[in-house]
Amino acid sequence: MSDTTDSPRPEPAQVEAEVFARWEEAGVFRAREDVEGAESFSVAIPPPNVTGALHMGHALNGSIQDALVRLNRMRGKNVRWTVGTDHAGIATQTKVEQALVAEGTSREELGREAFVARTQEWRQQYGGTIIGQFRRLGCSADYEHERFTMDEGYAQAVLKVFVDLYEQGLIYRDTYLVNWDPGSRSAISDLEVEDREETDTLFQIAYPLKDADASADGVTELVVATVRPETMLGDVAVAVHPEDERFKHLIGRTVLLPFVGRELPVIGDDYVKTDFGTGCLKITPAHDPNDFEIGHRHGLEQLNVIGEDGRITGGYAPQFEGMTTAEAREAIVAALREQGALRAEEPYTHTVPFSQRSGQRIEPLISLQWFMRMDELAQPAIDAVKDGRVRIHPESQQRRYIAWLEEIRPWVLSRQLWWGHQIPVWYRGDETYCGVEPPEGEGWERDPDVLDTWFSSGLWPFATLGWPEGTPELRAFYPTSVLSTARDILFLWVARMVMLGLRFADDVPFRDVYCHSVIQAPDGRRMSKSLGTGIDPLALMDGGPRPAVFAKKKGADAGEFPAYGADAVRFGLLAMSSTQDVRFSEEKIAQGKQLVTKLGNAVRFAAGRLGDADQAVAAAGVSGADLPTRLEDRWIVSRTERIARETAARIDEYDFAKAALGLYDFVYGELCDWYLELVKGREAATDADLSRTLAWALRRTLQIAHPVIPFATEEAWASIPGTSGLLAASLLPAPDDGLLDPEAEERLARVIDAITTVRSWRNGANVPPGPILPARLEADGYDDEATTLIARLARLQPTDEAGDAVPVAIPGGQVAILAGEHVDPAAERARVEKRRAEVEGQIASTEKRLGNEQFVSRAPAEVVAAERAKVEALREELRTL
RNA sequence: GGGCGUAUAGCUCAGUUGGUUAGAGCGCUCGCUUCACACGCGAGAGGUCACUGGUUCGAGUCCAGUUAUGCCCA
């Protein structure tokens, strides 16, 4: 593609901002207040992280939701698209803490109250970024109802849900081995953990056997294998496989823990793999999930030796106390080496859990946390999907949803943060109080923890509509119509919303769930900021750096994206999203830009023509009861009606790629390449059918393209006769079967075929495209109207003149192009011979198929008939050659 | 280790319930200053449908297996 930056065209950023302002001034995006009666269509955006900036997934999801929302608004539905952000506990707190450190202070120094105030301030200042970016994309959300998961009313809803679930016994406090994230100094949920391959060292450590002399077998020690020697201070046993011939006789004996001298029983457990390491496993229930399980089975104690600060604690070995885990590992290994207890060190590659929040390695810790029991909530959420009250698209994602819910585990709700919904529980001595309002009396201390951000996000579809108040909004817009989301939050969010919606709002939170594509980088993996494979959608819309991996030629300087504009980005993203995993394709974005330009030019052409026409006539339009008479008019009317229906149906079916690409094909391949060319011989000033058909076709095209490319279509709208007000607020006409005209479609298809064939012949025969050639049309099925169209676009002069001519086969016969300056029948002979050989070959192969007894008797009659017809047509062509 | 997906033109993707000669956009080639548009118009070249076997008159499409690759869960 050539560079666009030096073109005189206005920047999309400016044009699109003006159009957006018109929509907002007119209040097009506002849900109507007179909610009674009107069918509603409501969407709750998956709330993005308040600290975030728009990434490709957001941009795709925004394009999808807006296409759905705009289509349904044009259907006359009362549309409510709720946007907003979640408070992103860890992410936001981290941001603000970083700022504090830069200022030479800390949250501890500030104190909780001041810190929360400071964070609120931060959010006021920077939290609007991503919503502004959705506006830039053209998203027609109801911004006046923007919500935040820590709004006052929302916070009340969160507390009420917590208190209710607590009173119902679903929320409880317990000790558990949690995923401790030393980076954010908080427990995080299983879903926030990601496993990565790491190469560590596997150490072998000798634990001396107690009473070694007492046994006759000569065994004096057991050697355990571990990658985390620093946890050994918390060891409570050594396990071997109960069938292991080497060790099974030692079960029941005791070994002594180095440094500490603790007596550890040797136990048998078939979790131990005999072929891994030494076959002896040290058991540290407080710091390893598997050991935790084994410890449970054998009734072992849990000894905490790593504190929440990631330092050695517990006082079992004073020389290591207070060291970080890394320091302790080094010191312990050194000490063991000195004692001669270190028997081997070898590199070992394994998967290690990391925090998605802070990027730090997870430290499994025993701690007291708030939990939510999920089993009781899961079943109704499974049923809702199984019986179709919630439909998940594509269907494959439904199985993932059900599978996850069937194996659901308790949810760790508490986070050791200050930014978030503080748990509404107070303690006084042995007393515990849980309530939306603080307890009466003196001496109560509130639980310092806050709730997992997803707990509050789970209430989003109804809490944004004013729940627990029975507001008119809630009645009008709950359940929401559809949730469009990235599939990686199917569990984090979707499943939890279904559970909480059913429990608290008496119905499913949405009727449909659409899991959109993941747009991948050229390496076939999801775009990643840290790998430099992410694209900023703003850079695509308004110009900006193109990441190196997206260089158009490998190794070349990647340069900058041209300013494609929001329409092009929307089109491109939708056109890309055909399957669940797709590669990013800048060509699709460019295609969107081309469509926008092409449509703009078509409108310019049409508006110019229609300027001469009687405006009332042009505005009148067409209907099934009042069709134009000419072939090309009836054809475009029929084709436009079809594409309008198809596009809407494809959006309804969440087939956005086909909707977008189908629009492109229609605008290029039918409207512009054919209809506008076919009518160039006519005058709108004197041709009422032309002016009303042309204006109608353009109006309908702008309407059906609007959900995909809203800005360009809105800009063009006013220049077509018969429009009033804003396109975004216009209503789609009801489907009209009378507009469909299969006969006109078929007749014009033959005209197109004939024109293309003649053009192709010219090209192959080295006949220049310009000159008008005299020709005899010797074919059935072309009336005067069709003949005129063919003659004009194929640049032929129909004649009855006899004489030497070159035959060009078209459906139903041939065009005989008379010999002349550009046409030499003699030179054409070779070409005709080549074609004759081709046709003969095809006849032979088709006849062979028809000669096959099995084919004729077993294939369906219509297939056989089609083959026979094909032979006939080929024989016909052969005769003309 | 288990589950799910993907593999079709140089690139990104279509390809209905199996049925003519497997399509599109971009890129490439050739031609065109055709009065809306060179971000254009017209015409082309380009494919062992990952591999192996099977079912069938007929397989890109259905079945089994293999390979590559991605995602999710453990």
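Every chain is numbered from 1, with letters handed out A, B, ... down the list of sequences. The analysis underlying the following values was restricted to heavy atoms, covering all of them including side chains, and did not include hydrogens, waters or symmetry mates.
- In RNA chain B, stems built from 3 or more consecutive Watson-Crick or G-U wobble pairs, each with both distances under 3.5 Å, span B:1-7 with B:67-73, B:10-13 with B:23-26, B:28-32 with B:40-44, B:50-54 with B:62-66.
- When the nearest nucleotides of RNA chain B are assigned to A/Arg526 and A/Pro768 by heavy-atom distance, the more 5′-ward of the two goes with A/Pro768.
- For A/Ile489 and B/rC71, the CD1 to P distance is 18 Å, given to the nearest whole Å.
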For this session: Go through the steps for A/Arg682 and A/Glu632 under the test salt bridge (charged side-chain N to carboxylate O under 4.0 Å, His left out), then give the verdict.
Result: CA-CA 11 Å; A/Arg682 298 162 63 186; A/Glu632 65 268 31; 3.0 Å; yes

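- The aromatic rings of A/Phe571 and A/Tyr664 lie tilted to each other, with the angle between the two planes from 30° to 60°.
- Taking atom CG on A/Leu671 and atom C1' on B/rA36, their separation rounds to 11 Å, with Å as the unit.
- With rounding to whole Å, A/Leu676 atom CG is found 13 Å from B/rC41 atom C1'.
- Checked against B/rA36, B/rA43, B/rC72, the side chain of A/Phe605 finds its nearest nucleotide in B/rA36.
- Taking the P atoms as reference points, B/rC4 lies 27 Å from B/rA9, given to the whole Å.
- For the P atoms, the distance from B/rG3 to B/rG10 is 35 Å, rounded to whole Å.
- In this structure, a donor-acceptor pair under 3.5 Å is absent between the side chains of A/Asp673 and A/Tyr668.
- Defined by atom type and a distance below 3.5 Å, a donor-acceptor pair is missing between the side-chain atoms of A/Arg526 and A/Gln520.
- Backbone-only contact: A/Val582 has heavy atoms under 4.0 Å from sugar-phosphate atoms and none from a base.
- Residue A/Arg409 has a polar side-chain atom (N or O) positioned under 4.0 Å from OP1 or OP2 of B/rA74.
- With rounding to whole Å, A/Tyr668 atom OH is found 7 Å from B/rC26 atom P.
- No more than 12 heavy atoms of other residues, nucleotides or ligands shown are found within 6.0 angstrom of CD on A/Glu683.
- Using a 4.0 Å cut-off between charged nitrogen and carboxylate oxygen, A/Asp652 and A/Arg645 do not count as a salt-bridge pair.
- For A/Arg583, whose side chain is taken as the heavy atoms from C-beta onward, the closest listed nucleotide among B/rC32, B/rA43, B/rC13 is B/rC13.
- For the OP1/OP2 pair of B/rG5 and a distance below 4.0 Å, the side-chain nitrogens and oxygens of A/Arg399 include at least one atom meeting the criterion.
- Only the P atoms considered, B/rU48 is 27 Å distant from B/rA64, to the nearest whole Å.
- The existence of a salt bridge linking A/Glu677 and A/Lys680 is confirmed by a sub-4.0 Å separation between a basic side-chain nitrogen and an acidic carboxylate oxygen.
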Could you list all N or O pairs between the protein and nucleotides 22-25 of chain B that sit under 3.5 Å apart?
| residue | atom | partner | partner atom | Å |
| --- | --- | --- | --- | --- |
| B/rG25 | O2' | A/Gln591 | OE1 | 3.0 |

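- Atom-to-atom, CZ of A/Arg650 to C1' of B/rG15 comes out at 12 Å; the value is rounded to the nearest Å.
- Whole-Å rounding puts the A/Leu490 CG to B/rC4 C1' distance at 13 Å.
- If you check every strand for non-hydrogen atoms under 4.0 Å, A/Leu661 touches nothing.
- Within 4.0 Å (heavy atoms only), A/Gln520 reaches sugar-phosphate atoms of the nucleic acid but no base atom.
- Judged by distance alone, the side chains of A/Asp542 and A/Tyr564 never bring a donor and an acceptor atom under 3.5 Å apart.
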Exercise. Between A/Arg639 and A/Glu670, does a salt bridge (charged side-chain N to carboxylate O under 4.0 Å, His left out) hold up when you go through it step by step?
Worked result: CA-CA 8 Å; A/Arg639 292 300 309 151; A/Glu670 301 193 275; 2.7 Å; yes

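- A distance of about 23 Å separates the P atoms of B/rU56 and B/rC51, rounded to the whole Å.
- Nucleotides B/rA59 and B/rG19, compared at atom C1', are 10 Å apart to the nearest Å.
- Phosphate contact (OP1/OP2 of B/rC13, side-chain N/O of A/Lys658, threshold under 4.0 Å): absent.
- Distance check on atom C1': B/rG60 versus B/rA14 gives 12 Å, rounded to whole Å.
- Comparing the P positions of B/rG58 and B/rU12 gives an interatomic distance of 35 Å, to the nearest angstrom.
- Side chains of A/Thr757 and A/Asp753: a donor-acceptor N/O pair is present below 3.5 angstrom, by distance only.
- Within the structure, a side-chain polar atom (N or O) of A/Ser760 is placed less than 4.0 Å from OP1 or OP2 of B/rG44.
- Using P as the reference atom, B/rU6 and B/rU34 are 47 Å apart when rounded to the nearest Å.
- Here the P atom of nucleotide B/rC35 and the CZ atom of A/Arg604 are 13 Å apart, to the nearest Å.
- When rounded to the nearest whole Å, the span between CD of A/Glu586 and P of B/rG27 equals 12 Å.
- Heavy-atom distances to RNA chain B give each of A/Arg487 and A/Ser578 a nearest nucleotide, and the one nearer the 5′ end belongs to A/Ser578.
- At a cut-off of 3.5 angstrom, counting only N and O atoms as typed in the model, there is no donor on one side facing an acceptor on the other between the side-chain of A/Lys593 and the base of B/rC39.
- One finds a salt bridge joining A/Asp655 and A/Lys658 here, because a Lys/Arg side-chain nitrogen approaches an Asp/Glu carboxylate oxygen to under 4.0 Å.
- Note on A/Glu646 versus A/Arg650: salt bridge recorded, some NZ/NE/NH1/NH2 to OD/OE distance being below 4.0 Å.
- Here A/Asp673 lies in heavy-atom contact (under 4.0 Å) with sugar-phosphate atoms only.
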